[in-house]
Amino acid sequence: MKDISFNPGVYEPNWQAKWEADKLYRSVMDESKPKHYALTMLPYPSGDLHIGHWFSMTPPDARARFKRMQGYNVLFPMGFDAFGLNAENAAIKQNIHPKKWTYANIERMRKQMRTMGAMFDWEREAVSSDPEYYRWTEWFFIQLYKHGLAYRKKATVDWCPKDNTTLAREQVKGDERVCERCGTPVIKKELEQWFFKATKYADELLRFDGIDWPEFIKVSQTNWIGRSEGASVIFKTEAGDPIEIFTTRPDTLWGATFMVMSPEHPLVDRVTTPENQQSVSEYKAQAEKQTDIQREAKDKEKTGVFTGGYAINPVNNERIPIWVADYVLMSYGTGAIMAVPAHDQRDFEFARKFGLKIVPVIQLEGVELNGDTQEAAHEHEGVMINSGPFDGTPATNDKGMKNPAIKAVTEWLEQKGIGKRDVNYRYRDWLISRQRFWGAPIPMVHCETHGWNPVPDDQLPVLLPNDIDEWKPTGESPLKFHPTWKDATCPVCGEYAVRETDTMDTFMCSSWYHMRYLSPHNDQAPFDEAEYNYWMPVDTYTGGSEHANMHLLYFRFFHKALRDLGITEGNEPVMQLRNQGMVLAEDNRKMSKSRGNVVAPDVLVQRYGADTVRAYLMFFARWQQGAPWDSNGIEGIARWMRRVWTLFTDPYGASDSAGAASDQAKKNLRRKVHQTLKRVTHDFENFEFNTVISSLMELSNEMYKAREAGAAGTPEWEEAKEYYLKMMAPVAPHITEELWTNHLGKPYSIHQQKWPNVDESAAKEDTIEIPVQVNGKVRDRITVASDASDEEIKSAALASEGVQKYLEGKEPRKVIVAKGRLVSVVV
RNA sequence: GCCGAAGUGGCGGAAUAGGCAGACGCGCACGACUCAAAAUCGUGUUCCCUCCGGGAAUGAGGGUUCGAUUCCCUCCUUCGGCACCA
């Protein structure tokens, strides 16, 4: 006697163990099949797996399973982004080595992940803090260095005072300019640091040709890179020193009535006259003290001081004063601007406040501008005036060379040798140094004589020391205080050299993990070439959108840089990107331990089983949207699971009419099955997981009715059962395996079955009910054969009672037949 | 301010290509089973009215159309990105 009690707590772990023992989810290269690389963002091992992890992993797992059933050779790997500050902060707090903390968490999370019943290929697991992994992270750094893409430079950088480390610009967020990790406002520091030359790829990163990425990610990256087209122009001080400026509006050059330099500009002291010395240095000191937030506040009153120095406007030889003001940033353009108060609102406000000259050079036809009375800058189109040879040239609202005024002036500047066409970017090189312990060491040594040199390949990896017990954040890497770790040998002369004690940004580790999955234990190369050629590029990448301008930009850069080094192929690492939304807590806020509103998946799995949790995560919200958690809703899915269980384990139900179903009932059942198959196939393909579930629910409801009508035992019923389990298998791998193998007695495993094909003729309705509208309102419904002609439908509609009533004997003005959908009668 | 995404019952959401708005589920109400509860099953559930039948309704207003949740315009709200970027 078969056990028909519904007990996921027993069969789920049993199947998980069997699948693993049978290596059911091993993905090995197989040239006979098309490949599908489904990648999902790997987690930080920061503690327990939370419901957000389940939300980001199990629906993509279902899709990967669906792809596999469709005949693809699917790779769906998992790993851990294991370096990072969490581990180090725990070390400080609990006085435990970050390695110990990290690996204990990984072990726990692995166990938790196994309860998901996901098709992760654990033999391909990669952990970024394993020496066999970070050896190659270091190796990549050296490759970039050797090709001039990694360099060391002193610069003003963002510093998180809480995490005590520098940050890349991408890791500083929002108006408040806070640290991406901990939310602390960042400060500026002048430090010598390692950078990657990401800006070399700015233009290429703006192109998304041939990749299917969400619009808002592309827009976000485009904004982040912030390309502006314009011209650079050389002004000269009266003493003859050149001051280069960048402008997007060379057409307004004749209206440049003063210049403004950033307080940090190197020429400030040279142009400042003795009598202005004091006020200028006071202003500089004050600017230095201010935080970025204060300084860059949008509604801030303009401040500034006159240097006493003058420059010559190269287009009209006007002598114009040079001011210093903090609204000009050293970090953008050249740190100096030509000020055109008539046509730039910021310059306008500044000029009004300090009584500087305003000369309009573009005005609308018939609307005369006057610098003395103008109330705001005129930033739009018009015709050039007061501009020597260019008077009368039309200026449009177009940016760059599309604007005839900009084009004409730029070409003239180039002829005259005063300036040239130029492009500026917001985007900055990637600051990679972190003053922290738990990261991949930067594999460089410094020798008094030979400067910086990479650690030779045969000495990689540079390992992190185990014998360290001082974690207090000092603003410098704890590695610096280890008694011997930093002692090294210069690879050029063999004399003493000092090791770099900063570690790399963990985003470096996650820039290439998708390639390490290909051969995680290869000790000859970061990855096996044959594996690369077979699996890459990633076909589908899923994860959170918070990485839009961080990870998702870094790894595009990384791929392109490696391509130029001959390591990777193709222009993009990922073809299709999809982002899941966020699971909020029931109180509609973010889940967090401190608020005590987190939903623990372990508890849910214990209570309902993994299949139910998986299905609920697919059902409770649009996956790409996310929603607040609803702890009641899961009951509906639990009910559905039990109903499916009952439907399959009690095949005849209460009906004693098995096999007695009418031909019509059997046909209807088969139609519903194939319509569902069509829908489910489409929805899996398009990440519409919620409707996969609702379609399956509809079908099981239909099957209950069909069984009642005597369908059990018929071929249609057998097909329905078989197809049902196949369609449900990606969603709920355990219950379907249990029913398939143990109750239907079909060959193990359901997960190796082929996805069924839709029988279009079975899916087609033979009669259809068509609503009939009179003046846009539904007044009746007619039933016609699905292949009825427009003429037949029309006459049936006109003959219907509802239409006759509203026609009141008159002729309709117009009748529209929308094939198979609706008839619209206009009276 | 600029750019992007979204706005549908009490709630999550559904609606291939412009064609029956509210599928599926939660919640709620009533009923069956039960000594009772849970579970299960059944019925109902957008709002309004004079409840036969009709009217209104997809953030607001307008447009195109025989017909708009879907397309266009204006606006509002929420979320996200950028922002004294020259």
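Keep in mind that this is a model prediction, so the values were computed, not measured. Reminder, nothing fancy here: chain letters follow the sequence lines and each chain counts from 1.
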Within residues 222-229 of chain A: residues closer than 4.0 Å to RNA chain B (heavy atoms):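 The answer is A:Asn223, A:Trp224, A:Ser228.
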
Listed partners of A:Phe689 passing ring-ring contact (aromatic ring centres under 6.0 Å, His included), at least two apart: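 A:Phe689 satisfies ring-ring contact (aromatic ring centres under 6.0 Å, His included) with A:Trp623 only.
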
Qualifying residues under ring-ring contact (aromatic ring centres under 6.0 Å, His included), relative to A:Trp430, sequence neighbours excluded: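 Counting only residues at least two positions away or on another chain, A:Trp430 forms a ring-ring contact (aromatic ring centres under 6.0 Å, His included) with A:Phe196, A:Tyr554.
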
Main-chain N/O of A:Ser631 paired to A:Glu586 side chain as donor or acceptor, under 3.5 Å: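 The answer is yes, because a donor-acceptor pair under 3.5 Å joins these two groups.
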
[N] - base-pair partner by Watson-Crick or wobble geometry, distances under 3.5 Å:
| N | result |
| --- | --- |
| B:U64 | none |
| B:A23 | none |
| B:G9 | none |
| B:C30 | B:G42 |
| B:C51 | none |
| B:C79 | B:G4 |
| B:A57 | none |
| B:U16 | none |

Lys/Arg-Asp/Glu bridge criterion (N-O < 4.0 Å) met for A:Arg207, A:Asp203: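 No salt bridge links A:Arg207 with A:Asp203.
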
Carboxylate-amine/guanidinium contact A:Arg169 A:Asp158, below 4.0 Å: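 So A:Arg169 does not pair with A:Asp158 through a salt bridge.
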
Charged tip of A:Lys302 within 45° of A:Tyr327 ring normal and under 6.0 Å: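 Because its charged atom sits under 6.0 Å from the ring centre and within 45° of the axis, A:Lys302 does stack over A:Tyr327.
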
A:Trp224 six-ring face occupied by A:Arg426 cation (under 6.0 Å, within 45°):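 Satisfied, under 6.0 Å and within 45°.
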
Residue whose closest nucleotide on RNA chain B lies nearer the 5' end, A:Arg249 versus A:Lys173: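 Taking each residue's closest nucleotide, the earlier one in sequence belongs to A:Lys173.
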
Residue whose nearest RNA chain B nucleotide is more 5′ - A:Ile816 or A:Ser694: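 It is A:Ser694 whose nearest nucleotide is closer to the 5' end.
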
Could you list the protein-to-nucleotides 25-28 of chain B atom pairs, N/O on both sides, closer than 3.5 Å?
residue : atom : partner  : partner atom : Å
B:G25   : OP1  : A:Asn701 : ND2          : 3.2
B:C26   : OP1  : A:Arg639 : NH1          : 2.4

Whether A:Tyr616 and A:Trp629 hold their rings parallel, tilted or perpendicular, with breakpoints at 30° and 60°: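 Perpendicular: the ring planes of A:Tyr616 and A:Trp629 meet at over 60°.
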
Parallel, tilted or perpendicular, as decided by the 30° and 60° cut-offs, for the rings of A:Phe648 and A:Tyr724: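 Rings of A:Tyr724 and A:Phe648: tilted, as their planes differ by 30° to 60°.
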
Euclidean distance for P, B:G13 against B:U8 (whole angstrom):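 Straight-line distance between the two P atoms is 9 Å.
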
Rounded P spacing from B:C35 to B:G44 in Å: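 Between the two P atoms, the distance is 28 Å.
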
Testing the basics here: between [X] and [Y], what is the closest heavy-atom pair and its distance to 0.1 Å?
| X | Y | value |
| --- | --- | --- |
| A:Leu577 | A:Pro214 | O-CD, 3.2 Å |
| A:Thr681 | A:Leu677 | OG1-O, 2.6 Å |
| A:Leu267 | A:Pro242 | CD1-O, 3.5 Å |

Distances under 3.5 Å between protein N/O atoms and the N/O atoms of nucleotides 5-9 of chain B, please, pair by pair.
none

Positive for side-chain contact (heavy atoms from CB on, under 4.5 Å) with A:Thr252, one of A:Ile362, A:Asp344, A:Val409: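 Among A:Ile362, A:Asp344, A:Val409, the one that satisfies the side-chain contact (heavy atoms from CB on, under 4.5 Å) with A:Thr252 is A:Ile362.
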
Proximity to the side chain of A:Asn690 - top-ranked nucleotide from B:G13, B:G19, B:A86: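 The listed nucleotide nearest to A:Asn690's side chain is B:G13.
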
Heavy-atom neighbours of A:Met401 CE exceed 12 at 6.0 Å: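 It does: A:Met401 CE has more than 12 such atoms within range.
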
Touch class at under 4.0 angstrom, heavy-atom based, for A:Gly626 against every strand present: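 Sugar-phosphate contact only.
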
Sugar-phosphate, base or nothing in reach of A:Asn549, heavy atoms under 4.0 Å: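 Here A:Asn549 touches the backbone only, sparing every base.
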
CZ-CG distance between A:Arg249 and A:Asn403, expressed to the nearest 0.5 angstrom: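 CG of A:Asn403 is found 7.0 Å from CZ of A:Arg249.
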
Every protein N/O within reach of nucleotides 20-22 of chain B N/O, cut-off under 3.5 Å:
residue : atom : partner  : partner atom : Å
B:C20   : O2   : A:Arg781 : NH1          : 2.2
B:C20   : O2   : A:Arg781 : NH2          : 3.1
B:C20   : N3   : A:Arg781 : NH1          : 3.3

Phosphate OP1/OP2 of B:A15 contacted by A:Arg679 side-chain N/O (<4.0 Å):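 It does, given that an N or O in the side chain of A:Arg679 lies less than 4.0 Å from OP1 or OP2 of B:A15.
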
